[in-house]
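Reviewing the structure listed below.
Throughout, protein chains are lettered first and strands after them, A, B, ... in sequence-line order, and every chain is numbered starting at 1.
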Protein chains: 2
Amino acid sequence: MGATKHEIFQDQINEEAAIFNALGHPARLAIVKTLLTYKTCVGNYLTNEIALSQPTISQHLKVLKNVGIIQGTIEGKSVCYCLNHSLIEKLRVFVGDMLIQYDLHQSNCNC
Amino acid sequence: MGATKHEIFQDQINEEAAIFNALGHPARLAIVKTLLTYKTCVGNYLTNEIALSQPTISQHLKVLKNVGIIQGTIEGKSVCYCLNHSLIEKLRVFVGDMLIQYDLHQSNCNC
DNA sequence: ATATTTAATTGTAATATTGCAATATTACTA
DNA sequence: TAGTAATATTGCAATATTACAATTAAATAT
């Protein structure tokens, strides 16, 4: 064993978990926060801002891109990154639903 | 190398990433969703519901407990789990802030 | 008392992740 | 046409995660 058994879960759960998982590393969360602050941002800025090597930052950017959280556009010799609108909407809906469901009956826990 | 360099990130980022990371596995997300649906839930129910072994479920419950997402109370020979109110509030605030910041200037991306 | 049920722990194998040096690639610049 | 800058890729070592069998522990049931 050793690998996650994705096949026993619904596609939707796997997809949502993949999004949370991508946000679940401090370097990647720092990248997302930078994009929230500056709206767009070139890769090299992140490499200077975060104390990790260029290949490591590149790898984290790839993870965020693969789940659709960010997108990158080539601009000369740079790549300009920004958050992916549809993905943020998906996160909004999912977390919103979650919290609504929580409010409906979680105000007190009887255990 | 091989371990995440937590020391180069702010405590808050590490903490938030840890929460997302805990939600970033389909089994753990399934547990959280079950608790959202049923409010409380005994461990054995999860073991029967999710096609993973009892030790594996127990391990995932521990991860969720360690970051404070859930709490468990012993009830006879069972353990009754529920979501942790203060943690859910933290998630609400963080994601809320994130989405507000996004709305402020992310409606269109110029790259 | 003994058996059963529920859950946690321990140990371990398989696999994935993290991080970086070295290198490749691509585009601009002098 | 070099030379430089920004990024991606490859290969690898260190570490973490996932999953489970076996075992333990604690409470209940017979």
Assign [X] to base, sugar-phosphate, or nothing according to its heavy-atom contacts below 4.0 angstrom with the strands shown.
| X | result |
| --- | --- |
| A:Ser78 | sugar-phosphate |
| B:Thr56 | base |
| B:Ser53 | base |

Decide yes or no, distance alone: a donor-acceptor N/O pair under 3.5 angstrom between the base of D:dA19 and the side-chain of B:Gln59.
yes
Whole-Å distance between [N] [atom2] and [X] [atom1]?
| X | N | atom1 | atom2 | value |
| --- | --- | --- | --- | --- |
| B:Glu75 | C:dA8 | CD | P | 13 Å |
| B:Lys5 | D:dA13 | NZ | P | 18 Å |
| A:Ile8 | D:dT18 | CD1 | P | 13 Å |
| A:Ile57 | D:dA8 | CD1 | P | 11 Å |
| A:Asn66 | D:dT9 | CG | P | 10 Å |

Can you tell me which nucleotide in [options] comes closest to the side chain of [X]?
| X | options | answer |
| --- | --- | --- |
| B:Thr4 | D:dT15, C:dT18, D:dC20 | C:dT18 |
| A:Ser58 | C:dT9, C:dG19, D:dT9 | D:dT9 |
| A:Asn44 | D:dT7, C:dT6, D:dC20 | D:dT7 |
| A:Val79 | D:dT18, D:dT7, C:dC20 | D:dT7 |
| B:Lys65 | D:dA19, C:dA8, D:dA8 | C:dA8 |
| A:Gln54 | D:dT7, C:dT18, C:dT10 | D:dT7 |

Quick one: is D:dA29 close enough that its OP1 or OP2 comes under 4.0 Å of any side-chain N or O from B:Lys77?
no
Verify the contact: side-chain N or O of B:His60 to OP1 or OP2 of C:dA7, cut-off strictly under 4.0 Å; return yes or no.
no
Ring-plane angle category for B:His25 and B:His60, please: parallel below 30°, perpendicular beyond 60°, tilted otherwise.
tilted
Intermediate values then yes/no, ring-ring contact (aromatic ring centres under 6.0 Å, His included), B:His85 and A:Tyr102
CA-CA 9 Å; B:His85 188 71; A:Tyr102 181 72; 5.7 Å; yes
With a 4.0 Å cut-off, would you call A:Asp97 and A:Arg92 a salt bridge?
no
Would you say the side-chain atoms of A:Ser53 and A:Thr56 include a donor-acceptor pair closer than 3.5 Å?
yes
For B:Cys41 and B:Leu35 the tightest heavy-atom approach is CB-CD2, 3.5 Å
